[in-house]
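Small disclaimer: the values here were computed from a predicted structure and weren't measured. Counting starts at 1 for both ligands and their atoms, following the listed order.
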Amino acid sequence: MNSAHYTPRHDRYDAGMKYRRCGKSGILLPEISLGLWHNFGENDPLPRSMEMLHYAFDQGITHFDLANNYGPPYGSAEKTFGIAMKQSFRPYRDEMFISTKAGYDMWPGPYGNWGSRKYLMASLDQSLKRMNLDYVDLFYSHRYDPETPLEETLQALVDIVRQGKALYVGISRWPKEAAQVAYDYLAAHDVPCLIYQGRYHLLDREVEKEGILQQAKDNGAGFIGFSPLAQGLLSDRYLNGIPADSRMAHDGRYLKPEALNDSTLRRIKALNLIALQRGQSLAEMALAWLLKDDLVSSVIIGASSTAQIEKNLKALRNTTFSPTELDAIENACKE
Ligand SMILES: NC(=O)c1ccc[n+]([C@@H]2O[C@H](COP(=O)([O-])OP(=O)(O)OC[C@H]3O[C@@H](n4cnc5c(N)ncnc54)[C@H](OP(=O)(O)O)[C@@H]3O)[C@@H](O)[C@H]2O)c1
């Protein structure tokens, strides 16, 4: 369909999506959100990107997660989203919760990386232009900067909200101790941290072990998990080798073939059997498992097709696990 002629499904909020309160805030997030890290760049087919965005919104996915450097090239995922905003999404802007971030290498020289006020402010201005937006709903510090005083980064977040360029702020991948400084500083400046974004999936429990999940809850913030399918490993994609059209085959930077070692393969095969016994695909079970309790506000999936989004949404049909299933999953995940 020509994206200029897109009309969302009128029953999009009855399609099965559930919404969870994000920490102690007024914001409800869809249990499944869509991230634009991969597959929405300049080299990806625009009609497919538009189709995925429209399909997601039609299914009640109201939260779209971006960052300044998503692409490739950097900035191009935001540009793609900006095209959708201009051509089809504009009338529905107020139904959407759009996030972007800054913190990683973005432009050359000393001011295009890390956590300075200079970088964060300039980057958000650029992001707004690319996305054809006046404001984002959520702006993140994408990573902790050990060199910049935390107060500088955090005050920049506060001021970004005061300027009306973001409604809420969040932190991503901050270590626990620094995260506590952020929660305290932001709360003291009347811009409470809405959310913590961290990697969380069956095969990576770091945020559980470090206490990041509990810390977010204790501070009234939500937690949103990224790469919930371990970039595709927690699906049927790699059970029988590396498909030519997979992320592992064409993107050697973030998902290297070494990730599919004997231990991982054994674990995903064991998890796959448990999923089948539950009547779910491995991807469905992996997402459902993350949503089994209220420590997680939402999970951000990635997708290379509308069909994957459709399949992943089926996870929401059963997010309850028996103690026996949970034990079996823990055993299957052991290295
Ligand atoms: N804050 C941060 O630093 C950070 C870091 C990373 C990600 N993120 C956010 O999290 C989002 C999601 O990350 P992610 O893309 O790594 O998430 P993911 O959901 O773990 O992996 C997505 C990939 O898995 C494959 N896949 C998805 N559904 C599938 C299915 N049903 N069956 C088989 N394969 C399936 C696809 O890869 P194929 O290409 O192989 O089809 C898809 O691109 C990002 O877009 C971004 O918004 C944030």
(Q) Under 4.0 Å, heavy-atom basis, I'd like to know which part of Ser172 is in contact with ligand 1: side chain, backbone, both or neither. (A) side chain
Q) Using a heavy-atom cut-off of under 4.0 Å, does the side chain or the backbone of Pro228 touch ligand 1, or both, or neither? A) both
Q) Given that the side chain starts at C-beta and the backbone is N, CA, C, O, which of these parts of Tyr140 lies under 4.0 Å from ligand 1, counting heavy atoms, or is it both or neither? A) neither
Q.
Counting the benzene-type ring for Trp, do Trp289 and Tyr200 have ring centres under 6.0 Å apart?
A. yes
(Q) Quick check with a 6.0 Å cut-off and a 45 degree axis cone: is Arg48 positioned over the face of Phe40's six-membered ring? (A) no
Q) Which option, Arg247, Arg199, His38, Lys101, owns the non-hydrogen atom nearest atom 43 (O) of ligand 1? A) Arg247
Q.
Please evaluate residues Leu53 and Phe89 with respect to the criterion side chain to side chain contact (heavy atoms under 4.5 Å, CB included), reporting the C-alpha separation (whole Å), side-chain torsions for both, the decisive distance (0.1 Å), and the verdict.
A. CA-CA 9 Å; Leu53 291 173; Phe89 272 174; 3.9 Å; yes
Q | Polar atom proximity, Lys311 to ligand 1 (N or O, under 3.5 Å) | A | no
Q | N or O pair under 3.5 Å between Asp245 and ligand 1 | A | no
Q | Leu229, any N or O under 3.5 Å of ligand 1 N or O | A | yes
**Q.** Pi-cation contact, Tyr111 with Lys118 (under 6.0 Å, within 45°)
**A.** yes
Q. Which one holds for Ser246 and ligand 1: side chain close, backbone close, both close, or neither close, with close meaning a heavy atom under 4.0 Å?
A. both
Q: Could you tell me whether some N/O pair between Arg173 and ligand 1 is separated by less than 3.5 angstrom?
A: yes
Q. More than 12 non-hydrogen atoms from neighbouring residues, nucleotides or ligands closer than 6.0 Å to NZ on Lys86, yes or no?
A. no
Q. Is NZ or CZ of Arg143 both nearer than 6.0 Å to the six-membered ring centre of Tyr104 and within 45° of the ring axis?
A. yes
Q. Is Arg143 touching ligand 1 with its side chain, its backbone, both, or neither, if touching means heavy atoms under 4.0 Å apart?
A. neither
Q.
Given Gln308, Gln231, Lys314, identify the one with the heavy atom nearest to atom 26 (N) of ligand 1.
A. Gln308
(Q) Between Arg199 and Asp204 (salt bridge meaning N to carboxylate O under 4.0 Å), is one present in this structure? (A) yes
Q: Identify the protein heavy atom lying closest to atom 41 (O) of ligand 1, giving its residue, its atom name and the separation to 0.1 Å.
A: Ser304 OG, 2.6 Å
Q. Side chains of Asp327 and Thr324: do they bring a donor and an acceptor to under 3.5 Å?
A. no
Q: Report the part of Asn39 in contact with ligand 1, treating N, CA, C, O as backbone and CB onward as side chain, heavy atoms under 4.0 Å; options are side chain, backbone, both, neither.
A: side chain
Q: Return yes or no for this condition: an N or O of Ala283 is under 3.5 Å from an N or O of ligand 1.
A: no
Q. Just checking, any donor-acceptor pair under 3.5 angstrom between side chains of Tyr183 and Gln215?
A. no
Q.
Between ligand 1 and Leu36, is the shortest N or O to N or O distance under 3.5 Å?
A. yes
Q) Among Ser235, Gly170, Ala249, Ser281, whose heavy atom sits nearest atom 33 (C) of ligand 1? A) Ser235
Q: May I ask whether Tyr104 has any heavy atom positioned less than 4.0 angstrom from an atom of ligand 1?
A: no
(Q) For atom 25 (C) of ligand 1, what's the nearest protein heavy-atom neighbour? Residue, atom name and distance, please. (A) Gly232 CA, 3.7 Å
Q: Kindly assign one of parallel, tilted or perpendicular to the pair Tyr13 and Tyr19, based on the angle between their ring planes and the thresholds 30° and 60°.
A: tilted
Q) Without hydrogens or angle criteria, can the side chains of Asp58 and Tyr6 be said to hold a donor-acceptor pair below 3.5 Å? A) yes
